[in-house]
J.: 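Pasting a structure below so you can have a look.
All heavy atoms count here, side chains included; hydrogens, waters and symmetry mates do not.
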Amino acid sequence: MKVLMVLTSHDQLGDTGRKTGFWLEELAAPYYVFKEAGYEITLASPKGGQPPLDPKSNEPDFQTDATHRFEADAEASKALANTVKLADVSADDFDTVFYPGGHGPMWDLAESKDSSDLIESFLAANKPVALVCHGPGVLRHAKTAEGRPLIEGKQVTGFTNSEEAAVGLTDVVPFLVEDDLKAKGGIYSSGPDWGPHVVEDGLLITGQNPASSAPAAQRLVARDRHAGE
């Protein structure tokens, strides 16, 4: 099985002067779920090369066994330093795609036609798509074949308004993931803040927050195994 993991190239947290990027746990935890399932992993980003890490995600409070393992993993570090350009990848070459979050994707991937087209082509080919935390915000411009919002009438989750308020970025982010998913007609649900919550609807798997990243990847692997039986 071949999985594409799509990371942000955006490193500015609005006008705050602070840095953002991808959230380390949301890359590291799924990375090892896929690795242990025997998947071939390709990392991509809009600009290619080394994507920006949200420095906050590497503070002691947010480090996990998976993040420590990733940082000590020379093969993983090399893959991260050499992400392929998003415009150069095709859904034809992969079995599934996974979008980690972090705040960065809200500025670049959420507005990227390459990203929307890619998600649409995975789904059109009957291949599952998974996104976690701020990742589901990347679905905002994706459409069905009929031109309707992709998530209209679908069960979805993503970073909650209350979680965004808790990190003090409600007025910094370009949109709120929860509000946007609802505005596009998604049937939004959430669990307790910071606890794992994963929703599956057809080919679409969404996770609420960092704690949901490994469970979302596990759901993807379980789905692939089931499909292969």
J.: Give a yes or no on whether a salt bridge exists between Lys2 and Asp95, defined as a side-chain N under 4.0 angstrom from a carboxylate O.
T.: no
J.: How long is the straight-line distance from SG of Cys133 back to CZ of Phe159, given to the nearest 0.5 Å?
T.: 5.0 Å
J.: Got a donor-acceptor contact below 3.5 angstrom from the Lys127 side chain to the Phe94 backbone?
T.: yes
J.: Any carboxylate oxygen within less than 4.0 angstrom of a Lys/Arg side-chain nitrogen, looking at Glu120 and Arg148?
T.: no
J.: Take Leu118 and Leu4 through the test side chain to side chain contact (heavy atoms under 4.5 Å, CB included) and record every step on the way to the result.
T.: CA-CA 11 Å; Leu118 187 72; Leu4 179 68; 3.7 Å; yes
J.: About how many Å separate CG of Leu139 and CG of Leu204, when rounded to the nearest 0.5 Å?
T.: 6.0 Å
J.: What about Val89 and Tyr39, same hydrophobic cluster or not, with Ile/Leu/Val/Met/Phe/Trp/Tyr joined at side-chain heavy-atom distances under 4.5 Å?
T.: no
J.: When you group the ILVMFWY residues by side-chain heavy-atom contacts below 4.5 Å and let the links chain together, are Leu169 and Trp23 in the same group?
T.: no
J.: Is the shortest heavy-atom distance from the side chain of Leu27 to the side chain of Leu80 under 4.5 Å?
T.: yes
J.: Grab the two heavy atoms, one from Pro30 and one from Ser213, that are nearest each other, plus how far apart they are.
T.: CG-O, 3.6 Å
J.: Are Phe22 and Asp54 packed together at the side-chain level, in the sense that at least one heavy-atom pair is separated by less than 4.5 angstrom?
T.: no
J.: Run through Val177, Val199, Leu181 and flag the one making a side-chain contact (heavy atoms from CB on, under 4.5 Å) with Val156.
T.: Leu181
J.: Closer than 3.5 angstrom, by distance alone: can the side chain of Thr20 be matched with the main-chain N or O of Leu13 as a donor-acceptor pair?
T.: no
J.: Quick one, Leu203 and Arg223 - any side-chain contact, counting heavy atoms below 4.5 Å?
T.: yes
J.: Say you draw a straight line from CD of Gln208 to OG of Ser189; how long is it, rounded to the nearest 0.5 Å?
T.: 8.0 Å
J.: How close do Tyr32 and Ala66 get, heavy atom to heavy atom, and via which atoms?
T.: CE1-O, 3.8 Å
J.: Looking at Glu75 and Lys78, is any side-chain nitrogen of the basic one under 4.0 Å from a carboxylate oxygen of the acidic one?
T.: no
J.: What closest approach, in Å, do Met5 and Pro100 show between heavy atoms, and which atom pair accounts for it?
T.: CE-CG, 4.2 Å
J.: Within the 4.5 Å heavy-atom criterion, are Tyr188 and Glu178 side-chain neighbours or not?
T.: yes
J.: Rounded to the nearest 0.5 Å, what separation is found between the CG atom of Leu86 and the CG atom of Leu43?
T.: 12.0 Å
J.: Strictly distance-based, threshold 3.5 Å: is any side-chain N or O of Ser112 a donor or acceptor partner for the main-chain N or O of Asp108?
T.: no
J.: Taking it one step at a time, do Thr170 and Asn161 satisfy side chain to side chain donor-acceptor pair (under 3.5 Å)?
T.: CA-CA 8 Å; Thr170 302; Asn161 289 353; over 6 Å; no
J.: Between the side chain of Asp201 and the main-chain N/O of Gln155, is any donor-acceptor distance below 3.5 Å?
T.: yes
J.: Would you say NZ of Lys143 has more than 12 non-hydrogen atoms from neighbouring residues, nucleotides or ligands within 6.0 angstrom?
T.: yes
J.: Going by the angle between their ring planes, with limits at 30° and 60°, are Phe34 and Phe98 parallel, tilted or perpendicular?
T.: perpendicular
J.: For residues Leu220 and Ala130, report the shortest heavy-atom separation together with the two atoms involved.
T.: CD2-CB, 3.9 Å
J.: Can you tell me if Ser212 uses its side chain to pair, donor with acceptor, with the backbone of Gly207 under 3.5 Å?
T.: no
J.: Which pair of non-hydrogen atoms, one from Pro46 and one from Thr8, has the smallest distance, and what is that distance?
T.: CD-C, 4.2 Å
J.: Taking all heavy atoms of Pro105 and all of Val138, pick out the closest pair and write down the distance.
T.: CB-CG2, 4.0 Å
J.: Is it possible for you to say whether Val84 and Ile41 belong to one hydrophobic cluster, with membership spreading through side-chain heavy-atom contacts below 4.5 Å?
T.: no
J.: Keeping Thr96 on the side-chain end and Pro128 on the backbone end, is there a donor-acceptor pair under 3.5 Å?
T.: yes
J.: Checking His134 against Glu26: is there a side-chain donor and acceptor pair closer than 3.5 Å?
T.: no
J.: Determine, stepwise, if the pair Lys47 / Lys85 fulfils side chain to side chain contact (heavy atoms under 4.5 Å, CB included).
T.: CA-CA 6 Å; Lys47 293 181 180 176; Lys85 276 194 173 177; 5.6 Å; no
J.: Would Arg69 and Asp73 pass as an ion pair if we require N to O under 4.0 Å?
T.: no
J.: Is the CG atom of Asp15 crowded by more than 12 outside heavy atoms at less than 6.0 Å?
T.: no
J.: Given side chain to side chain contact (heavy atoms under 4.5 Å, CB included), test Val3 with Val97 step by step and report yes or no.
T.: CA-CA 6 Å; Val3 59; Val97 63; 6.0 Å; no
J.: Is Glu152 close to Lys184 at the side-chain level, that is, under 4.5 Å between some pair of heavy atoms?
T.: no
J.: Is it the case that the side chains of Glu111 and His10 hold a donor-acceptor pair, with the cut-off being a distance below 3.5 Å and no angle test?
T.: no
J.: Examine Leu109 and Leu176 and state if one hydrophobic cluster contains both, with Ile, Leu, Val, Met, Phe, Trp and Tyr joined whenever side-chain heavy atoms are less than 4.5 Å apart.
T.: yes
J.: Does Thr83 use its side chain to pair, donor to acceptor, with the backbone of Gly49 at less than 3.5 Å?
T.: yes
J.: Are Ile187 and Val129 connected in the hydrophobic side-chain network, where two residues link if heavy atoms are under 4.5 Å apart?
T.: no
J.: Looking at Trp107 versus Phe175, is the centre-to-centre ring distance below 6.0 Å?
T.: no
J.: So does Gly137 get a backbone contact from the side chain of Tyr99, meaning a donor-acceptor N/O pair under 3.5 Å?
T.: no
J.: Does atom CG of Asp93 have more than 12 heavy-atom neighbours, drawn from other residues, nucleotides or ligands, at distances under 6.0 Å?
T.: yes
J.: To the nearest 0.5 Å, how far apart are OG in Ser190 and CD in Glu163?
T.: 7.5 Å
J.: What's the separation between atom CG in Leu7 and atom CD in Gln50, rounded to the nearest 0.5 Å?
T.: 9.5 Å
J.: Let me see the working for Val198 and Ile205 under side chain to side chain contact (heavy atoms under 4.5 Å, CB included), right down to the final yes or no.
T.: CA-CA 7 Å; Val198 177; Ile205 297 169; 3.8 Å; yes
